There are 2 protein chains.
Amino acid sequence: MFIKMDMAADKPIYIQLKEQIIEGIARKELQPGDDLPSVRSLAADIGINVHTVNKVYQQLKQEGYIQIHRKRGVIIHPDGFLPADENYINSLKEELRPLLAASICHNLTIDEFKELSDEIYLQILNKEGEQHE
Amino acid sequence: MFIKMDMAADKPIYIQLKEQIIEGIARKELQPGDDLPSVRSLAADIGINVHTVNKVYQQLKQEGYIQIHRKRGVIIHPDGFLPADENYINSLKEELRPLLAASICHNLTIDEFKELSDEIYLQILNKEGEQHE
DNA sequence: TATCTGTTCTATTAGTAGTATAACAGACAA
DNA sequence: TTGTCTGTTATACTACTAATAGAACAGATA
């Protein structure tokens, strides 16, 4: 598995796990229909509690990233990428807004902000540059 | 004051307050040297606890947005906008990364993402479009 | 002296993050 | 049928954060 937890970080581990799975989907390492480990095996694998993994899976299901079948287990949603509906766009806007406000206060131009976005975008999709430390 | 709290939101009120002050600085409604209300008066004004306001001021001081003087009170940092040092850029990147990964999963192109950024950027700087609900 | 400022202390309530054990119900293979 | 895997639910506990509350201290100033 490609999961790397940072137990010392202030970011909750269930958020870390969730983000890494989403990034795995984004870079197509996890493709539609692919199996995900069971809650128990993944929990044992990365050394965290079953409930923590279950919480992540429930949220990913809720947001449409995965499907959960009683016996077969957990799979990446077979329909492929999600629709960028108004709901999603609005939540994205609300998350971007404080980042942009702070950027302005740090003398970052909108062009510099967009260049940064480009950079990270390529970094995510580049299969080589796995880790970001 | 231009502060509007949403007590029903899941976002902690100290985060809301902090973000609104930062956005006030970004849109230049709060200019270098300007006075901010005392912890007590602001707390009474928006109906929250003194300690909550104090926490926000301490963090804003720590991040260089404001100065706190024993008697004079709290002022917007007189040096103007902050430097976009490596430290800040790295923290911004870490916040942007999960947003971009999720955007990719929602079929958003990098260009659409950047258009969204443009839109919010203008929305912040536009003195008219105050609220974002 | 009285009053304002930020600051610090202690204490309480409520909620979240994470762990731990256990049990239930469905699926499936031996 | 039995055993074992799956997700799911329930309960309980610890630790931490968010928020409130009241009080007190120290410096500045009118």
Side-chain angles (χ1 to χ4, degrees), chain A residues 1 3-22 30 33-78 95 98, chain B residues 1 3-22 30 33-78 95 98:
Chain A
M1 203 61 188
I3 303 292
K4 295 244 174 82
M5 288 296 141
D6 180 0
M7 296 308 186
D10 24 327
K11 189 178 289 194
I13 56 181
Y14 84 97
I15 298 282
Q16 294 183 42
L17 176 56
K18 186 179 173 184
E19 288 181 351
Q20 291 195 39
I21 292 175
I22 292 177
L30 296 173
D34 278 3
D35 285 326
L36 251 56
S38 75
V39 287
R40 285 180 176 86
S41 69
L42 182 52
D45 197 359
I46 57 185
I48 63 175
N49 194 274
V50 182
H51 292 78
T52 308
V53 176
N54 191 53
K55 181 178 182 176
V56 172
Y57 279 1
Q58 291 303 323
Q59 292 190 4
L60 290 173
K61 178 179 77 172
Q62 163 82 20
E63 294 168 27
Y65 288 100
I66 63 176
Q67 279 183 348
I68 300 178
H69 299 96
R70 196 88 207 179
K71 169 57 186 173
R72 182 177 168 196
V74 181
I75 63 169
I76 304 298
H77 199 106
E95 293 182 282
Chain B
M1 203 62 186
I3 304 291
K4 295 246 174 83
M5 288 296 140
D6 179 1
M7 295 308 184
D10 23 329
K11 189 177 290 196
I13 56 181
Y14 85 96
I15 298 282
Q16 294 183 42
L17 176 56
K18 186 179 173 185
E19 288 180 351
Q20 291 194 39
I21 293 175
I22 292 176
L30 295 173
D34 278 2
D35 285 327
L36 250 56
S38 75
V39 286
R40 286 180 176 85
S41 70
L42 182 53
D45 197 359
I46 58 186
I48 64 176
N49 194 275
V50 182
H51 294 78
T52 308
V53 177
N54 192 52
K55 180 177 183 176
V56 172
Y57 279 0
Q58 290 303 322
Q59 292 190 5
L60 289 173
K61 178 179 76 173
Q62 163 82 19
E63 294 168 26
Y65 288 100
I66 64 175
Q67 278 183 347
I68 301 179
H69 299 97
R70 195 90 206 176
K71 169 57 188 173
R72 181 177 169 197
V74 181
I75 63 168
I76 304 298
H77 199 105
E95 292 182 283

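This structure is a prediction, so every number in the text was calculated from the model and none was measured.
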Self-check item: Contact summary for A/Leu17 and A/Val56, nearest pair of heavy atoms
Solution: CD2-CG2, 3.9 Å

Self-check item: Nearest atoms (heavy-atom pairs only) where A/Arg72 meets A/Gly33
Solution: NH2-O, 3.7 Å

Anything under 3.5 Å between a protein N or O and an N or O of nucleotides 26-30 of chain D, put it in a table, one pair a line.
none

Quiz item: Once you round to the nearest 0.5 Å, how far does CG of B/Asp34 lie from CD1 of B/Ile76?
Solution: 6.5 Å

Self-check item: Partner set under salt bridge (Lys or Arg N to Asp or Glu O under 4.0 Å) for A/Lys18, not counting sequence neighbours
Solution: A/Glu63

Quiz item: Does a side-chain N or O from A/Asn54 land closer than 4.0 Å to OP1 or OP2 of D/dG7, or not?
Solution: no

Quiz prompt | Partner set under ring pair (Phe, Tyr, Trp, His ring centres under 6.0 Å) for B/Tyr65, not counting sequence neighbours | solution = A/His106

Practice problem: Go through DNA chain C in 5' to 3' direction and return only the first and the last nucleotide with some atom under 4.0 Å of chain A's heavy atoms. | Solution: C/dA17 to C/dC28

Quiz item: Got a donor-acceptor contact below 3.5 angstrom from the A/Gln16 side chain to the A/Asp6 backbone?
Solution: yes

Quiz item: Between B/Leu36, B/Val53, B/Asp35, which is the residue that forms a side-chain contact (heavy atoms from CB on, under 4.5 Å) with B/Val74?
Solution: B/Leu36

Quiz item: Quick check: does any side chain N or O of A/Gln20 sit under 3.5 Å from a backbone N or O of A/Lys4, one acting as donor and the other as acceptor?
Solution: yes

Quiz item: For every nucleotide of nucleotides 12-24 of chain D, 5' to 3': is a protein heavy atom under 4.0 Å from its base (B), only from its sugar-phosphate (S), or from neither (-)?
Solution: ------SSBBB-B

Quiz item: How close do A/Leu42 and A/Pro37 get, heavy atom to heavy atom, and via which atoms?
Solution: CB-CB, 3.9 Å

Quiz prompt | Value in whole Å for how far the P atom of D/dG7 lies from CD of A/Gln67 | solution = 14 Å

Exercise. Note down the inter-axis angle between the two ends of the helix from C/dT1-D/dA30 to C/dC24-D/dG7, five pairs each, to the nearest 10°.
Key: 20°

